[in-house]
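Quick caveat, the model's predicted, so the values are computed rather than measured. Counting starts at 1 for both ligands and their atoms, in listed order. Side-chain atoms are counted along with the backbone in the values below, which use heavy atoms only and exclude waters and symmetry mates. Numbering starts at 1 and runs along the sequence shown.
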Amino acid sequence: TRSTRPQRMLKAVQKNATKGSPESVISAIDYFCKHSEWAMNVGDEKGSILDSVVTEVNPSTVLELGTYCGYSTVRIARLLSPGTKFITLEFNPANVTVARQIIAHAGLQDKVTVVEGSSGDLIPQMKERFGITTFDFIFLDHWKDRYLPDIKLFEECGLLRKGSVLLADNVICPGAPEYLEYVRNSPRYENRYYPAHLEYTKVEDGLEKSVFLG
Ligand SMILES: O=C(NC/C=C/[C@H]1OC[C@H](O)[C@@H]1O)c1cc([N+](=O)[O-])cc(O)c1O
Ligand SMILES: [Mg+2]
């Protein structure tokens with residue numbers, strides 16, 4: 001049967017990227033998406049903004065929602081200090097399999113734990129299963145209609161502390177209007193919008209950074 005796009009992306013990484021080099025894995029995926037097949041990775045333009053926020057926060061605990069093929073996982077993991085706890089959640093088991101191989105090709109398998117399951121089920125388990133008290137940095141890039149219920153879940157589970165930073169992809173395209181309205185109208189968040197474009201296109205998109213005020 002025909003391979004899947006994530007499987008073809010993995011093949012491109014294994015063929016074109018140098019083992020142990022996160023930068024070459026990132027470049028190989030961006031090249032694949034620009035010249036072979038579009039895929040919903042955060043991409044190079046928004047990825048550079050992600051890099052700058054991760055570097056600024058310099059987090060000790062990180063959560064990513066929506067691993068997909070591991071592109072943003074590699075972007076984030078390559079910037080983390082030794083000893084940082086980084087967890088990424090992915091709902092689709094086939095994507096988990098591809099992502100783990102792409103992360104391993106980058107040599108970053110010891111920096112991040114890829115967990116299969118739905119965010120709604122796994123977020124309440126973070127403390128007991130992974131010994132997390134609070135997250136310093138959270139990247140939201142999963143189902144867009146899960147952004148709002150999941151930020152409420154973070155609050156309810158006490159997973160945010162004063163200064164926790166949330167960065168949300170696709171707040172314009174495909175869009176997360178209810179999430180945007182929530183964080184922008186809540187007195188508990190300080191927000192900043194980073195205008196950009198939908199990965200590998202000229203379509204308008206952007207990232208929303210929200211700092212929890214406690
Ligand atoms: O649905 C998107 N992301 C959520 C994907 C959620 C899940 O779909 C399959 C896999 O389980 C993945 O984790 C998305 C969609 C577009 N898009 O242009 O359609 C662009 C993006 O950057 C996106 O993150
Ligand atoms: Mg996205």
Salt bridge check, K202 against D205: does any charged N sit closer than 4.0 Å to a carboxylate O?
no

Should R8 and E37 count as an ion pair when the cut-off is N to O under 4.0 Å?
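Yes, charged N to carboxylate O under 4.0 Å.
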
Short list, please: which atoms of ligand 1 are under 4.0 Å from a heavy atom of [X]?
X	answer
L198	18 (O), 20 (C)
H142	3 (N), 4 (C)
M40	1 (O), 2 (C), 3 (N), 5 (C), 8 (O), 9 (C), 14 (C), 15 (C), 20 (C), 21 (C), 22 (O), 23 (C)
N92	11 (O)
E90	10 (C), 11 (O), 12 (C), 13 (O)
F91	11 (O)

Should the heavy atoms of other residues, nucleotides or ligands under 6.0 Å from CZ of F91 be counted, would the total exceed 12?
no

Tell me if the CD atom of Q14 is crowded by more than 12 foreign heavy atoms within 6.0 Å.
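Enclosed: over 12 neighbouring heavy atoms sit under 6.0 Å from CD of Q14.
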
With under 30° as parallel and over 60° as perpendicular, where do the rings of H142 and Y147 fit, or are they tilted in between?
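If you compare the ring of H142 with that of Y147, the planes turn out parallel.
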
Do the ring planes of F139 and F137 sit parallel (below 30°), tilted (30 to 60°) or perpendicular (above 60°)?
parallel

From G175, P174, A94 - option closest to atom 19 (O) of ligand 1 by heavy atom
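Residue with the shortest heavy-atom distance to the ligand atom: P174.
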
Going by the closest heavy atom to atom 9 (C) of ligand 1, which one wins out of V96, D205, N95, D169?
N95

Using a 3.5 Å cut-off on N or O atoms only, is [X] in polar contact with ligand 1?
X	answer
K144	yes
D141	yes
E199	yes
W38	no

Quick one: look at N170 and ligand 1, take heavy-atom pairs under 4.0 Å, and tell me if it's side chain, backbone, both or neither.
side chain

Under 3.5 Å, is there a donor on one side chain and an acceptor on the other for Y200 and D44?
no

Can you find a side-chain donor-acceptor pair between Y179 and D145 that sits under 3.5 Å?
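Y179 vs D145: no donor-acceptor pair found between side chains.
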
Qualifying residue for side-chain contact (heavy atoms from CB on, under 4.5 Å) with V74, from N41, L79, I103
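Only one of N41, L79, I103 forms a side-chain contact (heavy atoms from CB on, under 4.5 Å) with V74, namely I103.
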
Is Y200 near ligand 1, meaning one of its heavy atoms is under 4.0 Å from it?
no

Is the shortest side-chain heavy-atom distance between S72 and L50 below 4.5 Å?
yes

Step-by-step salt bridge (charged side-chain N to carboxylate O under 4.0 Å, His left out) determination, E23 to R75
CA-CA 8 Å; E23 285 70 21; R75 289 200 78 111; over 6 Å; no

Vertex the Mg ion (ligand 2): angle to OD1 of N170 and OD2 of D169, to 10°?
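It comes to 80°.
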
By atom name, which N, O or S atom of D141 is the nearest to the Mg ion (ligand 2)?
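Of the nitrogen, oxygen and sulfur atoms in D141, the Mg ion (ligand 2) lies nearest to OD1.
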
Which residue supplies the protein heavy atom nearest to atom 8 (O) of ligand 1, what is that atom called, and how far is it?
W143 CH2, 3.3 Å

